[in-house]
Amino acid sequence: MPTKSAPDKTLAKILATIRAVPRGEVAGYGEIARRAGLPGRARMVARILSGNEDKQLPWHRILRSDGSIAFPKDSAYYSEQIQRLRAEGVNVVNGKVRGRKTAATMDEILWAPPEETKASKKEGVKKAKS
DNA sequence: CGACTGACGGTCG
DNA sequence: ACGACCGCCAGTC
């Protein structure tokens with residue numbers, strides 16, 4: 001194996017970070033790299049994933065920074081990734097993943113955390129709890 | 001050693 | 001919202 005590439009340590013770190021992504025969650029390439037302590041190595045993460053063979057690896061949870069699928073729509077992986085994500089309860093629309101940022105449903109808005117409390121300035125939007 | 005490439009990211013028109 | 005451009009990093013030719 002001629003290519004020695006990055007130290008196995010780095011590789012392991014990245015893989016570990018990817019595996020650390022909880023089910024039903026998604027993360028960007030750059031995000032993974034950054035979490036792994038490798039800022040600016042987004043492409044390296046992509047390279048690793050491109051050559052991965054580990055089925056255990058939740059590669060489908062890795063998307064672009066804008067939340068879109070990294071594959072062209074005509075790619076087989078494209079649909080597969082979306083299916084896997086949906087299987088985990090992730091909302092995917094038009095090749096893009098809807099994180100909690102985009103409040104798709106009204107429920108999401110009403111149930112949203114006090115972060116965007118701007119809504120609270122309205123009338124009696126009392127916050128509810130589970 | 002230099003050019004090309006890629007499951008990227010951010011900016012600009 | 002979308003595509004064109006440019007910048008980055010590591011690997012391959």
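Proteins get letters first, then strands, A, B, ... in listed order; numbering begins at 1 in each.
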Exercise. Where do A:Ile69 and A:Leu85 land on the side chain to side chain contact (heavy atoms under 4.5 Å, CB included) test, with the steps shown first?
Worked result: CA-CA 11 Å; A:Ile69 302 297; A:Leu85 286 173; 4.2 Å; yes

For this session: Could you check how far OH of A:Tyr77 sits from C1' of B:dG6, rounded to whole Å?
Result: 15 Å

Exercise. Tell me, which of residues 80-89 of chain A have any heavy atom that sits under 4.0 Å from an atom in DNA chain B?
Worked result: none

Exercise. OG1/A:Thr10 to CE/A:Met44 distance, rounded to the nearest 0.5 angstrom?
Worked result: 5.5 Å

Problem set entry | Side-chain heavy atoms of A:Lys73 within contact of A:Asn94, under 4.5 Å | yes

Exercise. Ignoring hydrogens and geometry, is there a side-chain-to-backbone donor-acceptor pair from A:Arg98 to A:Val93 under 3.5 Å?
Worked result: no

Short heteroatom pairs, N/O only, protein and nucleotides 9-11 of chain B, under 3.5 Å:
| from | atom 1 | to | atom 2 | distance (Å) |
| --- | --- | --- | --- | --- |
| B:dG9 | OP1 | A:Tyr29 | N | 3.3 |
| B:dG9 | OP1 | A:Gly30 | N | 3.1 |
| B:dG9 | OP1 | A:Ser65 | N | 3.4 |
| B:dG9 | OP2 | A:Ser65 | N | 2.8 |
| B:dG10 | OP2 | A:Ser65 | OG | 3.0 |

For this session: When you get a sec, tell me which of B:dA7, C:dT12, C:dC2 is the closest nucleotide to the side chain of A:Arg47?
Result: C:dT12

Problem set entry | A:Trp59 and A:Tyr77 aromatic ring geometry - parallel, tilted or perpendicular at 30°/60° bounds | perpendicular

Problem set entry | Earlier contact from the 5' end, DNA chain C, for A:Lys96 and A:Gly40 | A:Lys96

For this session: Please report, rounded to the nearest Å, how far the P atom of B:dA7 is from the CD1 atom of A:Ile14.
Result: 15 Å

Exercise. Which is it for A:Gln81 and A:Leu63 under the side chain to side chain contact (heavy atoms under 4.5 Å, CB included) test, yes or no, and what are the steps along the way?
Worked result: CA-CA 10 Å; A:Gln81 182 167 15; A:Leu63 324 161; 3.5 Å; yes

Seminar exercise, completed: Using Watson-Crick geometry (N1-N3 plus N6-O4 or O6-N4) or G-U wobble (N1-O2, O6-N3), each under 3.5 Å, B:dC1 is paired with none

For this session: Report the distance from atom CD1 of A:Ile32 to atom CZ of A:Arg35, rounding to the nearest 0.5 Å.
Result: 5.5 Å

Exercise. A:Glu53 has an atom CD; how far is it from atom P of B:dA7, in whole Å?
Worked result: 16 Å

For this session: Starting at atom CG of A:Leu49, determine the distance to atom P of B:dT5, rounded to an integer number of angstrom.
Result: 22 Å

Exercise. Taking atom P of B:dG6 as reference, at what distance in whole Å does atom CE of A:Met44 sit?
Worked result: 19 Å

For this session: Please identify each residue that fulfils side chain to side chain contact (heavy atoms under 4.5 Å, CB included) with A:Arg19, with sequence neighbours left out.
Result: A:Leu15, A:Asp54, A:Leu57, A:Pro58

Exercise. Would you call A:Glu80 and A:Arg84 a salt bridge, using N to O less than 4.0 angstrom?
Worked result: yes

